[in-house]
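Input: a single structure, listed below in C-alpha cells.
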Amino acid sequence: MTLLLIDAGNTRIKWALAAPGAALGKWEQCGAVEHAGLDAVGAGWRHAGITRAIVSNVAGAAVRERIAQALPAGIDVEWFASVEERAGLRNGYRNPGQLGCDRFSAAIGARALAPGQDVIVATCGTATTVDAISADGRFIGGMILPGLALMAGALASNTAQLPQVAPGAAPPPVFGDNTHDAIVSGCLSAQAGAIERACAAHGATACIVSGGAAPYIAPALTLAHRVVDNIVLVGLHAAAGAD
Ligand SMILES: Nc1ncnc2c1ncn2[C@@H]1O[C@H](COP(=O)(O)OP(=O)(O)OP(=O)(O)O)[C@@H](O)[C@H]1O
Ligand SMILES: CC(C)(CO)[C@@H](O)C(=O)NCCC(=O)O
Ligand SMILES: [K+]
C-alpha cells in the first residue's frame, strides 16, 4: 500500500515512499538522482510494496518516458498536472495548465504546512520560483528566475574576466571585496532579494524556502523563513491525501 512520490526537475529527480496515513513529509525512504541514474533507483522500487505513484515532471517527454519505464509494473500512476483546483487550492494562473506542475504542487504543500496564512513559497532549483498563496487558498501567481547555479554560470560563460564560482556554507558580506565574493553576493542578493520583495508585496505571514540551492539562499535572507526539504513532494503527498 506504499505511495511513491516523484518530483522530476530539470537537473535531478527527487522521490519518496510514504506509508498509508503517514504524516506529511514523513517518508519511509527518499532520494535524489540525476536523470541518468533513474534505472538503478527503479530497480529498488520494484520490491517496496508500491501500489500507487504520483509524478510531477517538468523535465519533458524523454524524462517522462524514462520514469514510466522505471515504475513498477501494474501500479496506479497519476501524472500530476496543474488544474483549476486541487486539494483546496485554487489556481489563479490565467491559463491554469500553463503553471508548472511542480509549482502547483509546491503551493499545495506550502498551504498544508501553513494553513490560513498568506504564504510565499520559494523553490530554488535549476530555476528559482517564488510564488504567492493567499490565506483563503488561492495561488495568486509568482516569479521565475534563473536558479543560483544558472545565474553564476551565465556570468562565467559570457564574460572574459569572471570565473565560475561556488557558494560556500555562509554567505559573503553584501559588498564583496574580491571578484569571487562580489559574484556570490550578487547572485545570492538577487535570489534572496526576489524572495524578500515577494514577501513584502504579498504581506506574507509565512515564507517557505525549498530546493537544492535553499541551503545557500536561506542564510542570505533577512526575514523569518522556514527551510523545508522537498516541498514539491510534500505537496504531492498532501494532494494524494486530499483525494
Ligand atoms: N549537491 C549539490 N551541491 C551544490 N549545489 C547543489 C547540489 N544539488 C543542487 N544544488 C543547487 O541546487 C540547484 C538544483 O537543485 P535541485 O536539484 O533541487 O533542482 P532541480 O532538480 O533542477 O529542480 P527544478 O527543475 O525543479 O528546479 C542547482 O542550481 C544548484 O545550485
Ligand atoms: C519554472 C520551472 C522550470 C521550475 O521548475 C517549471 O515550473 C516550469 O517549467 N514551469 C512552466 C512555466 C510556468 O510555470 O509558468
Ligand atoms: K524550481
Side-chain angles (χ1 to χ4, degrees), residues 5-16 30-38 54-67 78-87 89-112 119-134 137-154 187-188 190-195 197-198 201-202 207-218 227-239:
L5 308 163
I6 298 178
D7 166 25
N10 282 294
T11 305
R12 295 186 306 159
I13 295 168
K14 284 74 68 183
W15 61 274
C30 64
V33 279
E34 309 239 311
H35 298 158
L38 194 58
I54 305 190
V55 187
S56 161
N57 173 38
V58 297
V63 169
R64 177 181 161 130
E65 186 51 35
R66 273 184 121 126
I67 294 170
E78 178 188 352
W79 298 94
F80 188 77
S82 296
V83 292
E84 262 174 47
E85 182 161 357
R86 180 84 189 252
L89 184 76
R90 280 165 291 125
N91 184 342
Y93 241 39
R94 210 180 295 176
N95 168 2
Q98 189 182 52
L99 176 66
C101 59
D102 56 344
R103 297 173 65 193
F104 193 51
S105 180
I108 290 172
R111 181 160 164 79
V119 188
I120 290 293
V121 58
T123 307
C124 308
T126 311
T128 293
T129 55
V130 186
D131 292 322
I133 302 114
S134 66
R138 182 162 179 271
F139 178 98
I140 294 173
M143 309 174 182
I144 302 172
L145 54 157
L148 185 60
L150 267 183
M151 257 189 192
C187 296
L188 282 177
Q191 303 281 328
I195 296 168
R197 184 175 164 96
H202 187 42
C207 173
I208 292 173
V209 185
S210 189
Y216 306 109
I217 294 168
V227 176
V228 174
D229 284 338
N230 287 321
I231 189 70
V232 176
L233 296 180
V234 172
L236 293 176
H237 196 195

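Each ligand, and each atom within it, is numbered from 1 in the order the structure gives.
- A side-chain donor-acceptor contact under 3.5 Å links H35 to the backbone of G9.
- No more than 12 heavy atoms of other residues, nucleotides or ligands lie within 6.0 Å of CD in E84, so this atom counts as exposed by the packing criterion.
- I217 places a side-chain heavy atom less than 4.5 Å from the side chain of L188.
- With respect to R86 and E78, a salt bridge is recorded, a charged nitrogen being found less than 4.0 Å from a carboxylate O.
- A side-chain donor from one of T11 and T126 sits under 3.5 Å from a side-chain acceptor of the other.
- Shown in contact with I144 at under 4.0 Å from a heavy atom are these atoms of ligand 2, numbered in order with element: 1 (C), 13 (C), 15 (O).
- In this structure, of D102, N57, N95, the residue bringing a heavy atom nearest to atom 6 (C) of ligand 2 is D102.
- Here T129 has side-chain heavy atoms under 4.0 Å from ligand 2, and that is the only part of it that gets that close.
- Counting atoms of ligand 2 from 1 in the listed order, those under 4.0 Å from a heavy atom of Q98 are 11 (C), 12 (C), 13 (C), 14 (O), 15 (O).
- Closest heavy-atom approach to atom 10 (N) of ligand 2 within the set G60, G142, A8, G100: this belongs to G100.
- Set against the non-hydrogen atoms of R103, the atoms of ligand 2 under 4.0 Å away are 7 (O), 13 (C), 14 (O), 15 (O).
- Proximity of N10 to ligand 2, defined as any heavy-atom pair under 4.0 Å, is confined to the side chain (atoms from C-beta onward).
- With hydrogens and angles ignored, the 3.5 Å screen pairs a side-chain donor or acceptor of S105 with a backbone N or O of L236.
- For ligand 2, none of its N or O atoms has an N or O atom of L99 under 3.5 Å away.
- Residue Y93 has at least one N or O atom closer than 3.5 Å to an N or O atom of ligand 2.
- Side-chain contact between Q191 and L145: present, with at least one pair of heavy atoms (C-beta onward) separated by less than 4.5 Å.
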